[in-house]
Novice: 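The structure follows.
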Amino acid sequence: MIHRYPTIFELFSIPTAPLPSNATKSFSQLCVRLTPAAAALAAEELCLKSAISDSLATKLQKLLMLSSHHRLLLSKLVHLAPDLGLPPNFRSRLCNDYPNKFKTVDTSYGRALELVSWDQDLAKPLPSPEVQSRELIVDRPLKFKQLTLRKGLNLKRRHQDFLLKFKEIPDVCPYNTPISDLPKESIEAEKRACLVVREVLGMTVEKRTLIDHLTHFRNDFVLSNKLRGMIIRHPELFYVSLKGQRDSVFLVEGFDEKGALLEKKETLVIKEKLMQLVRESKRIRRERKKARINNTEIGGSTDDFESDDDDDDDDYDDGFQSLFEPEDFYVDDDGDKKGETIDYREKGQFWTVDAHSVHDGGKQQMEPW
């Protein structure tokens with residue numbers, strides 16, 4: 001793996017003291033270190049982590065304020081921690097560095113983080129997304145109610161009617177509105193649940209997370225057992241895609257029409273710089289492989305290049321490259337048909353795809369938005 005990424009790692013040797021039995025021979029020890037570019041990037045990330053610790057603590061405090069009992073198990077927070085930008089050691093460091101906001105307690109289910117103080121200034125939901133102007137000469141009120149949806153997404157009429165009715169319901173504050181005040185399995189309760197999911201996604205670095213991560217907090221945030229179906233029902237708020245065999249959910253308002261993040265956190269900028277180093281390593285490997293092939297065609301021996309086979313094998317999975325590979329997402333067609341507020345999968349998809357869609361390998365895929 002070290003040979004595969006010469007822009008990140010470099011090898012060097014240091015002399016070692018000879019053994020008494022071989023006093024005349026000198027020995028050297030092979031070591032590895034970061035390249036100057038990677039070391040500068042690591043130093044920048046370290047400084048950034050100390051600078052944003054207050055904002056990370058605020059995220060944890062807001063999550064605790066969203067929970068029904070103002071307490072979350074640390075074993076559940078571990079799943080969501082990377083998406084929130086929390087450091088790997090947040091359970092031992094961050095959770096104990098702000099005793100005025102939260103504290104760790106022992107429960108029958110394990111260690112948990114408990115809210116210490118309620119901050120009313122933080123109990124404010126995300127502002128409503130701005131509605132784009134229609135750019136008309138005379139801006140008259142619409143004769144019919146309309147939905148603002150992604151390009152290439154067409155909904156069936158009964159789905160549109162449901163979303164229009166959902167839109168007319170007044171917003172509730174997910175922090176100050178207990179679920180006991182709302183009728184069970186009502187559209188008002190679904191409105192609150194969508195706002196809770198929106199708040200959590202708004203705290204993430206890339207405005208996305210796995211649906212499996214959200215299901216860990218169903219009881220804590222009082223979400224529906226059919227959480228995935230509820231998220232799919234609201235394409236005006238969320239975009240569901242498939243990552244391997246696990247669904248991911250994106251916050252629509254956090255991206256532009258081309259699918260780019262509207263606001264990039266500094267931690268994400270550092271990750272992109274690291275991806276540039278990874279891509280540069282790939283380019284170097286391709287050039288080495290091309291040079292070896294050219295030397296073989298000229299008539300040279302391949303023995304001199306066999307030592308570099310490991311770092312030129314692009315099919316070799318070292319577990320490092322996959323961390324930075326771009327992911328291809330598409331809308332999943334496997335729905336949950338049982339117990340939904342609306343049986344939207346009974347006769348096929350809830351929405352249809354128009355000419356903007358593309359076909360790849362027999363599967364229908366959404367164009368990047």
Side-chain angles (χ1 to χ4, degrees), residues 54-73 76-77 80 83-86 98 100-103 112-131 145 147-148 162-205 207-209 211 213-239 249-255 262-263 341:
D54 289 342
S55 63
L56 296 180
T58 300
K59 289 183 181 181
L60 288 177
Q61 188 177 11
K62 293 183 69 174
L63 285 176
L64 293 173
M65 292 167 61
L66 281 174
S67 63
S68 57
H69 301 290
H70 307 314
R71 178 187 297 176
L72 294 173
L73 291 175
K76 294 182 179 180
L77 286 172
L80 200 59
D83 296 330
L84 295 173
L86 300 178
Y98 295 87
N100 59 323
K101 295 184 178 182
F102 39 73
K103 63 180 180 179
L113 193 65
E114 188 176 70
L115 183 68
V116 171
S117 62
W118 180 280
D119 191 344
Q120 191 59 35
D121 294 335
L122 298 179
K124 297 178 181 178
L126 292 174
S128 301
E130 297 180 359
V131 180
K145 299 176 182 178
L147 288 171
T148 303
F162 168 75
L163 293 181
L164 288 172
K165 181 181 178 182
F166 182 87
K167 186 178 180 180
E168 293 175 354
I169 298 175
D171 289 340
V172 297
C173 180
Y175 296 95
N176 299 320
T177 306
I179 191 63
S180 57
D181 295 348
L182 303 174
K184 189 177 181 181
E185 297 183 359
S186 62
I187 192 171
E188 291 81 7
E190 183 166 326
K191 183 86 170 184
R192 177 197 172 274
C194 286
L195 292 176
V196 170
V197 175
R198 180 171 173 256
E199 287 292 316
V200 176
L201 291 178
M203 299 180 199
T204 58
V205 176
K207 301 297 183 285
R208 68 169 181 173
T209 188
I211 294 183
H213 293 169
L214 294 178
T215 57
H216 291 293
F217 300 92
R218 282 184 302 191
N219 294 331
D220 302 288
F221 296 150
V222 197
L223 301 176
S224 170
N225 288 333
K226 303 296 182 180
L227 178 61
R228 180 183 177 278
M230 184 200 74
I231 291 175
I232 292 178
R233 265 200 303 277
H234 294 277
E236 81 284 10
L237 297 175
F238 313 114
Y239 172 73
V249 54
F250 292 69
L251 186 62
V252 170
E253 62 193 76
F255 299 82
L262 295 176
E263 179 185 1
T341 304

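For reference, positions follow the sequence shown, starting with 1.
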Novice: State, with a plain yes or no, whether a side-chain heavy atom of R208 is found less than 4.5 Å away from one of D83.
Specialist: no
Novice: Flag the pair T209 / V249 as yes when at least one side-chain heavy-atom distance between them is below 4.5 Å, and no otherwise.
Specialist: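 The answer is yes; the side chains approach within 4.5 Å.
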Novice: Indicate the atoms forming the closest heavy-atom contact of P235 with L163, along with that distance.
Specialist: CD-CD1, 4.1 Å
Novice: Tell me the closest heavy-atom pair linking S117 and Q61, and the distance in Å.
Specialist: O-NE2, 3.1 Å
Novice: Might you point out which heavy atoms bring C194 and F166 nearest each other, and give the distance in Å?
Specialist: SG-CZ, 4.0 Å
Novice: Could you check K124, Q120, K62 and say which one makes a side-chain contact (heavy atoms from CB on, under 4.5 Å) with Y175?
Specialist: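 So, applying the side-chain contact (heavy atoms from CB on, under 4.5 Å) to Y175 and each of K124, Q120, K62, only K62 qualifies.
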Novice: Which value, rounded to the nearest 0.5 Å, describes the distance between T58 atom OG1 and D54 atom CG?
Specialist: 6.5 Å
Novice: Are V197 and L227 side-chain neighbours, meaning at least one heavy-atom pair lies under 4.5 Å?
Specialist: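 Yes, at least one pair of side-chain atoms sits under 4.5 Å.
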Novice: Does the side chain of L86 reach to within under 4.5 Å of the side chain of L77, using non-hydrogen atoms?
Specialist: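 Not touching, per the 4.5 Å side-chain cut-off.
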Novice: Output the distance between atom CG (L64) and atom CH2 (W118), rounded to the nearest 0.5 Å.
Specialist: 10.0 Å
Novice: Does K101 reach the main-chain N or O of A57 with its side chain, forming a donor-acceptor pair under 3.5 Å?
Specialist: no
Novice: Under the side chain to side chain contact (heavy atoms under 4.5 Å, CB included) rule, what do Y98 and L60 come out as? Steps first, then yes or no, please.
Specialist: CA-CA 10 Å; Y98 295 87; L60 288 177; over 6 Å; no
Novice: Search all heavy atoms of M65 against all heavy atoms of A123 and return the closest pair with its distance.
Specialist: CE-CB, 3.7 Å
Novice: Please, which pairs that meet side-chain hydrogen bond (donor to acceptor under 3.5 Å, both in side chains) have at least one residue in residues 214-223, sequence neighbours excluded?
Specialist: K76-D220
Novice: Roughly how far, to the nearest 0.5 Å, is the CG atom of L63 from the CZ atom of F221?
Specialist: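 Spacing of CZ (F221) from CG (L63) equals 5.0 Å.
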Novice: So T177 and L195, side chain to side chain contact (heavy atoms under 4.5 Å, CB included) or not? Walk me through it.
Specialist: CA-CA 11 Å; T177 306; L195 292 176; over 6 Å; no
Novice: Between the main-chain N or O of L251 and the side-chain N or O of K207, is there a donor-acceptor pair closer than 3.5 Å?
Specialist: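 Here the side-chain-to-backbone pair does not exist.
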Novice: Hey, could you give me the CZ/CG distance between R228 and L214, rounded to the nearest 0.5 Å?
Specialist: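 If we round to the nearest 0.5 Å, R228:CZ and L214:CG are 13.0 Å apart.
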Novice: With the threshold set at 4.0 Å, does a side-chain nitrogen-carboxylate oxygen contact exist between D171 and K191?
Specialist: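 K191 and D171: salt-bridged.
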Novice: Please check this pair: side chain of E114 against backbone of H70, looking for a donor-acceptor N/O pair closer than 3.5 Å.
Specialist: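 Checked: no pair found.
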Novice: How close do F238 and V252 get, counting heavy atoms only, and between which atoms?
Specialist: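 Where F238 meets V252 most closely, the heavy atoms are C-CG2, 3.5 Å.
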Novice: Which heavy atom in L56 sits nearest to a heavy atom in L84, and how many Å separate them?
Specialist: CD2-O, 3.8 Å
Novice: Got a second to check how far I169's CD1 is from E188's CD, nearest 0.5 Å?
Specialist: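 Output value for this atom pair is 5.0 Å.
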Novice: Between CZ of R192 and CG of L182, what distance do you get to the nearest 0.5 Å?
Specialist: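 The CZ atom of R192 sits 7.5 Å away from the CG atom of L182.
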Novice: With sequence neighbours left out, write down each residue that passes side chain to side chain contact (heavy atoms under 4.5 Å, CB included) with A193, or none if nothing qualifies.
Specialist: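 Checked A193 against side chain to side chain contact (heavy atoms under 4.5 Å, CB included); matches are L223, M230.
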Novice: When you check the gap from the basic side-chain N to the acidic O, do E236 and K167 get nearer than 4.0 Å?
Specialist: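 Result for this pair is no, no salt bridge flagged.
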